[in-house]
Amino acid sequence: MMDAAIVVGVDGSPTAWSALTWAAEDAERRGLPLRIVHVREPWLAEHPLGASGERETLTQRCDRLLAGSAARARECAPGSRISTAIVTGAVIERLKTESETADTVVVGSRGFGGFAGLVLGSVGLGLAGYAQSPVVVVRRLPSDGAGEIVVGYDGSPCADMALEYALAQAAARRSRLRVLHGQRYPVVSPHPVGYGPLPIDEVPDIGQRLIAWREKYPDIELIASMIRDHPVPALAAASRDADLVVVGARGLGGFTSAMLGSVSHGILHRSHCPVAVVGALRRRS
């Protein structure tokens, strides 16, 4: 789909500002429009209880938030096409709707109001699990550009979509791409408590699976690394020196249920850089 926008949800919280910065820079790098969205929940009162007539109404606060967000985005991405919108409804449902036409939806890890507990609660999992576009969750921005994208890969269809998104990011940033492949645990090994069921499927040789991707993106330095740790600590360790970590929606082997299950929960908790979870990747003409 041509000219789909990078959509970022804002609510004035610190991580939402980080998400806005990430989204604006990504939009400018990739030549895409930026759409800044604030979800106004219909049950919130226009006038706060006990407020005097001199205080801002909810509508005024929303307008001020979007104006400030647009101004900050223009500072980060002066060449991007920027639009703003106030949409009314439940946050998760409205962001899902935005994802139907978005290139990517970007949110902060924790926020005020409807974005509260985004990573730890049901809102973040619901959006990452059912959005129609990749979802980027920004807990913190990298302090310095590391020049590396990290992707968890197990050869599953969703892992291929995650790899394609990661390659597009690497191409736009002129970064190298590190592909982490998690080897399955032996059945006799202790269960990694808190990280879901033991994987049982063996994945074909990772080098053979990556040949087509290397041919499609010959200018990208692609490094494949086998890991024998559980994927959560392995991805978390790799995130210390990365600009972005990318995982797929559902997988095989060590990356089983990477978005709806415990692996995604773990990396969203522990990543030192933004995390992209990819469950859908629409083809552009």
Side-chain angles (χ1 to χ4, degrees), residues 1-10 15-37 69-85 95 98-108 127-128 131-142 144-153 158-179 213-214 216-222 239 242-249 271 273-285:
M1 183 161 44
M2 296 186 64
D3 234 19
I6 307 292
V7 174
V8 57
V10 297
T15 60
W17 291 126
S18 297
L20 176 65
T21 298
W22 192 96
E25 292 176 349
D26 192 54
E28 184 157 65
R29 264 193 306 266
R30 298 169 60 203
L32 297 175
L34 176 67
R35 176 174 165 86
I36 305 170
V37 173
S69 298
R72 181 173 296 199
R74 290 188 186 98
E75 293 177 359
C76 299
S80 294
R81 293 162 288 165
I82 299 172
S83 62
T84 62
L95 291 179
E98 291 288 329
S99 77
E100 293 174 2
T101 54
D103 175 274
T104 310
V105 174
V106 185
V107 290
L127 182 60
Q132 296 299 305
S133 70
V135 175
V136 175
V137 178
V138 182
R139 188 177 185 183
R140 60 172 66 90
L141 293 171
D144 297 306
E148 181 168 284
I149 307 294
V150 173
V151 59
Y153 185 76
C158 278
D160 280 328
M161 290 191 291
L163 180 56
E164 183 170 7
Y165 181 83
L167 283 162
Q169 284 286 333
R173 298 164 182 263
R174 299 182 180 179
S175 300
R176 64 182 172 273
L177 177 64
R178 184 172 300 277
V179 181
W213 292 109
R214 292 182 188 275
K216 186 175 181 179
Y217 292 87
D219 296 330
I220 301 299
E221 181 185 0
L222 195 155
S239 74
D243 293 326
L244 180 69
V245 169
V246 185
V247 291
S271 179
C273 69
V275 177
V277 284
V278 183
L281 195 59
R282 292 182 297 274
R283 307 291 178 181
R284 292 187 185 88
S285 57

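Quick caveat: nothing in here was measured; it's all calculated off a predicted structure.
Judged purely by atom type and a 3.5 angstrom limit, Arg30 has no side-chain atom pairing as donor or acceptor with the backbone of Ala172. Under a 3.5 Å cut-off, the side chain of Ser99 and the backbone N or O of Gln132 do form a donor-acceptor pair.
Rounding to the nearest 0.5 angstrom, the gap separating the CG atom in Leu141 from the CH2 atom in Trp17 is 13.5 Å. Distance CE/Met161 to CD/Glu164: 9.5 Å, rounded to 0.5 Å. Note: Lys216 NZ to Leu167 CG = 8.5 Å, rounded to the nearest 0.5 Å. Note: Trp213 CH2 to Ile220 CD1 = 12.5 Å, rounded to the nearest 0.5 Å. The line from OG of Ser80 to CD of Glu28 is 4.5 Å long, rounded to the nearest 0.5 Å.
For Arg176, the side chain to side chain donor-acceptor pair (under 3.5 Å) partners are Glu148, not counting sequence neighbours. By the side chain to side chain donor-acceptor pair (under 3.5 Å) test, Gln169 pairs with Asp26, Tyr165, Arg173, sequence neighbours left out. Scanning for side-chain contact (heavy atoms from CB on, under 4.5 Å) contacts around Ala166 gives Ile149, Val151, Leu177, Val246, with sequence neighbours left out. Here Ala73 pairs with Leu20, Ala24, Leu34, Ile36, Ile82 under the side-chain contact (heavy atoms from CB on, under 4.5 Å) rule; sequence neighbours left out. Listed by chain and number, the residues in a side chain to side chain donor-acceptor pair (under 3.5 Å) with Arg81 are Asp3 (sequence neighbours excluded).
Asp243 and Pro274 get closest at one heavy-atom pair: O-CD, 3.5 Å.
The local environment of CZ in Arg140 is crowded, with over 12 non-hydrogen atoms from other residues, nucleotides or ligands closer than 6.0 Å.
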